[in-house]
J.: 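Can you keep this structure in mind? I'll have questions shortly.
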Amino acid sequence: MQRLFLSPPHMSGKEQTYIAEVFKSNYIAPLGAFVDRFEESIKRYTGASYALALSSATAGLHLALRVLGVGKNDLVLASTFTFIGSINCILYQGAKPIFIDSDEGWNLSPELLKKAIHQLPKKPKVLILTHLYGQVAKMDEIVAICKEEGIYLIEDAAESLGATYKGQQSGTFGDFGVYSFNGNKILTTSGGGVLVSENAAWIERAKFLSTQAKEPFLHYEHIEMGYNYRLSNVLSAIGVAQMEVLNERVKRKREVFDFYFKELSAIEEITFMPELPNSQGNRWLTTLTFKKTDPMMVVNALEKVDAESRPLWKPMHLQPLFKDADSFVDGTSERFYHTGICLPSPTSASNQELLRVVEVIKKICQ
Ligand SMILES: *Cc1c(COP(=O)(O)O)cnc(C)c1O
């Protein structure tokens, strides 16, 4: 019996061929042809005009804030129901996160967003919006509010590569979008991220900052502080191979969700994370909430059959790190957190293998 992980790496089979090409060229590091190819593949797939391959999505979010001029004591709005990677970049810049709760769709509430903007003493500069578990947020409403209020939008699409809203790819609605290729995401380069934008000058500026802010002289001249955030040619080669199977991976992630839904949705106390009309999430992780069962009991029972599951993200406004931060919350994400779990959602496993997850949950809930 193989352990069922939440979202383990799933290679396409082409990775080693491309890595061999990299070794043959001896462009092991840092840059090389595969970095360009990886960026091209992201642009082609998502429709974004400009892309920058980076060492992580966290680095991409940080660069986006730097480029947008977010600095000390600036206010940055953000989804509270997210992973810390969305938020650390705000702290790197000495800015202040303001947390916004979810609505019944699990993603950021446009109503609370509006309320926050109108009640804050100072105008926030940026919203960092997470597409949670690969499901797209209410983009019509959120984009309209950001435009109207003059607030930059950065989409944290770390979990949602391949997800669409009205046919448009997540990550391409905002001023910037960021995809993650961390080990547990729908695709992986073992670690990596891609920053996208429609603004050529911004991506050029992010590229400059990501390579130690070297002025164009042979002797290494520096006027500004930079970072070492670029992705290597070897890891980009893995990325190119992974992008070739993105459609298959999204399809299989959605089948995994459909399988769990078919087996478990009849149980009265179980509610799955919804999908907005006109959108198609990538169902990175299948997630659900229970009405009365303690989610940790299910997590522990699944562990006994060697299946990995987890509670949902603990909202940021509940984290000790942010005990002094302002937040606009109404208990929604907190309720999800206390009642929900993520199920093992590997694209490499068969429905037959997932059956043991279903059986454990049925036994507990029926
Ligand atoms: C994984 C993740 C990140 C961070 O991605 P890295 O590539 O590991 O830096 C950021 N935000 C969310 C929502 C994530 O799930």
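In listed order, ligands and their atoms are each counted from 1.
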J.: Between the main-chain N or O of V22 and the side-chain N or O of S25, is there a donor-acceptor pair closer than 3.5 Å?
T.: yes
J.: Would you mind running through ligand 1 and noting each atom that sits below 4.0 Å from a heavy atom of T130?
T.: 13 (C)
J.: Indicate yes or no for a side-chain donor-acceptor contact from S327 to the backbone of V329 under 3.5 Å, with no hydrogens or angles considered.
T.: no
J.: Stepwise, does the salt bridge (Lys or Arg N to Asp or Glu O under 4.0 Å) test hold for R356 with E359?
T.: CA-CA 5 Å; R356 73 178 192 261; E359 279 162 2; over 6 Å; no
J.: Report yes or no: do E353 and Q2 form a side-chain donor-acceptor pair below 3.5 Å?
T.: no
J.: To the nearest 0.1 Å, how far is atom 11 (N) of ligand 1 from its closest protein heavy atom, and which atom is that?
T.: D156 OD2, 2.7 Å
J.: List every atom of ligand 1 that sits less than 4.0 Å from any heavy atom of G85, numbering the atoms from 1 in the order shown and giving each element.
T.: 10 (C)
J.: Quick one: nearest non-hydrogen protein atom to atom 15 (O) of ligand 1, plus distance?
T.: E159 OE2, 2.5 Å
J.: Backbone N or O of S345 within a donor-acceptor pair of the K253 side chain at under 3.5 Å?
T.: yes
J.: Between the side chain of N278 and the main-chain N/O of Y165, is any donor-acceptor distance below 3.5 Å?
T.: no
J.: Which of the numbered atoms in ligand 1 are under 4.0 angstrom from any heavy atom belonging to A57?
T.: 5 (O), 6 (P), 7 (O), 9 (O)
J.: Identify, for atom 9 (O) of ligand 1, the protein heavy atom at the shortest distance, and state residue, atom and that distance.
T.: T58 OG1, 2.5 Å
J.: Considering only heavy atoms, which of N182, I84, T188 lies nearest to atom 8 (O) of ligand 1?
T.: N182
J.: What atoms in ligand 1 come closer than 4.0 Å to a heavy atom of T82?
T.: 13 (C)
J.: Counting each atom of ligand 1 from 1 as listed, which ones have a heavy atom of G192 under 4.0 Å away?
T.: 7 (O)
J.: Y152 vs W202 aromatic rings, parallel, tilted or perpendicular, using cut-offs 30° and 60°?
T.: perpendicular
J.: Would you call the rings of F322 and F99 parallel, tilted or perpendicular, where under 30° means parallel and over 60° means perpendicular?
T.: perpendicular
J.: May I ask you to list the atoms of ligand 1 that are less than 4.0 angstrom from any heavy atom of A158?
T.: 2 (C), 3 (C), 10 (C), 11 (N), 12 (C), 14 (C)
J.: Of the choices S86, S160, S180, G191, which has the non-hydrogen atom that lies closest to atom 5 (O) of ligand 1?
T.: S180
J.: Tell me whether ligand 1 is touched by K185 - counting only heavy atoms on the residue side and a distance under 4.0 Å.
T.: yes
